[in-house]
2 protein chains.
Amino acid sequence: MEKEDALNALAALGQETRLDVFRLLVKAGKEGMTAGAVSDALNVRPNTLSTHLGALSRCALVRAERDGRSIHYIADLATMQSLVTFLLRDCCGGNPDLCAPIANLFTTVSCSDTKGL
Amino acid sequence: MEKEDALNALAALGQETRLDVFRLLVKAGKEGMTAGAVSDALNVRPNTLSTHLGALSRCALVRAERDGRSIHYIADLATMQSLVTFLLRDCCGGNPDLCAPIANLFTTVSCSDTKGL
DNA sequence: TCCATAATTCGAGAATACTCGAAATAACGA
DNA sequence: TCGTTATTTCGAGTATTCTCGAATTATGGA
């Protein structure tokens with residue numbers, strides 16, 4: 001992940017409604033939730049939520065899948081993991097090899113093997 | 001870490017200058033850098049930088065240590081790690097035990113054992 | 001004490017972001 | 001085709017954030 005992508009992702013998550021949306025979708029798992037369901041759950045107006053979902057989509061923290069009239073939004077933990085790796089890059093005295101593999105465990109060992117995200 | 005703390009930290013890092021500052025301090029290691037050195041390195045005016053350093057300090061991503069006339073700023077990776085843990089909480093279908101211990105490895109195993117952060 | 005250096009605080013202007021109501025688009029079923 | 005539901009786009013108003021010059025505080029040395 002490049003700096004600009006990380007910056008966009010961090011800015012996206014640094015806003016209360018969007019952080020709530022992302023965490024809700026993380027909990028919802030691979031099925032995700034429709035925009036309407038998120039709107040109801042968080043009590044955010046549909047048009048406002050749509051703006052936020054657009055922001056999360058643009059930086060790939062979330063992806064959209066249309067299903068009939070509804071659109072399911074699903075958290076993309078691979079992006080989350082890239083972000084984490086980026087943030088901890090050079091955290092061990094400029095030797096990223098020490099931290100990066102551990103960051104990979106988030107998805108490769110734990111999450112994807114248990115619930116498939 | 002609580003949601004509000006995570007939100008503040010994410011908002012702090014979601015701004016280019018502050019992200020640059022934080023990453024620079026991560027690379028600088030436990031010695032940190034003086035405000036002036038950061039100002040020179042990133043080409044940001046001292047008063048503007050001071051505002052950003054204040055923002056990073058307020059959410060504990062950075063801590064300050066005065067040394068004579070200078071003030072050293074040091075990245076606090078423990079906060080970073082708490083943030084990561086918070087973001088990935090419930091990423092394994094509501095079973096945080098699967099992910100949280102792995103998040104802990106960032107500091108307990110890798111970083112603190114090698115350079116003491 | 002007086003001066004120089006290091007950093008912060010203050011106040012204001014410009015730019016950006018958030019939210020909303022209204023209108024538009026997309027998909028389904030009768 | 002028409003109506004209904006789900007979601008997005010548009011435009012504007014309000015609020016927040018960023019940056020800056022100027023002034024202020026803090027420290028150390030002559």
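All chains are named by letter (A, B, ...) in the order of the sequence lines, taking the proteins before the strands, and each is independently numbered beginning at 1.
Residue A:T34 is in sugar-phosphate contact alone, with no base atom involved, counting any heavy-atom pair closer than 4.0 Å across all strands shown.
Contact detail for A:L56 and A:F22: the closest heavy-atom pair is CD1-N, 4.5 Å. Between B:K3 and A:D20, the shortest heavy-atom distance links the atoms NZ-OD1, 2.8 Å. Nearest heavy-atom pair across B:M1 and B:F86 is O-CD1, 3.4 Å. Across all their heavy atoms, A:Y73 and A:L25 have their closest contact at O-CD2, 3.3 Å. The shortest non-hydrogen separation linking A:A60 to A:D76 is O-CB, 3.3 Å. The shortest non-hydrogen separation linking B:C59 to B:T79 is O-CG2, 3.7 Å.
Look at B:S50 and you won't find any side-chain N or O under 4.0 angstrom from OP1 or OP2 of C:dA7. Here B:Y73 does not reach the OP1 or OP2 of C:dA6: none of its side-chain N or O atoms lies under 4.0 Å away. Between A:H52 and C:dT19, a side-chain N or O to OP1/OP2 separation shorter than 4.0 Å is present.
One atom, CZ of B:R45, and another, C1' of C:dA6, lie 17 Å apart when rounded to the nearest Å. Rounded to a whole Å, the CD atom of B:E65 is 16 Å from the C1' atom of C:dA7. Atom CG of A:L49 and atom P of D:dT9 are 12 Å apart (whole Å). One can place CG of A:D40 at 14 Å from P of D:dT5, the figure rounded to the nearest angstrom. Rounded to an integer number of Å, the gap from B:L53 CG to C:dT9 P is 11 Å.
Of the candidate nucleotides C:dC20, D:dT8, C:dA7, D:dT8 has the atom nearest to the side chain of A:A35. Candidate nucleotides D:dT7, C:dT8, D:dT19 were compared by shortest atom distance to the side chain of B:T48, and D:dT19 ranks first. Checking C:dG21, C:dT8, D:dT7 against the side-chain heavy atoms of A:I71 singles out D:dT7 as nearest.
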Return a table of donor-acceptor pairs under 3.5 angstrom between the side chains of residues 32-52 of chain B and protein atoms on other chains or two or more places apart.
residue	atom	partner	partner atom	Å
B:T34	OG1	B:A37	N	3.0
B:S39	OG	B:V44	O	2.5
B:T51	OG1	B:N47	O	3.2
B:H52	ND1	B:R18	NH1	3.2

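Residues from residues 6-21 of chain B lying near DNA chain C, meaning a heavy-atom separation below 4.0 Å, are absent.
A heavy-atom distance below 4.5 Å is not found between the side chains of B:L13 and A:L13. Contact of the B:L87 side chain with the B:L10 side chain is registered, since non-hydrogen atoms from C-beta on lie closer than 4.5 Å.
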- Query: When every nucleotide of nucleotides 22-30 of chain D is labelled 5' to 3' by its protein contacts under 4.0 Å (heavy atoms), B for base, S for sugar-phosphate only, - for none, what sequence of letters results?
  - Reply: B----BB--
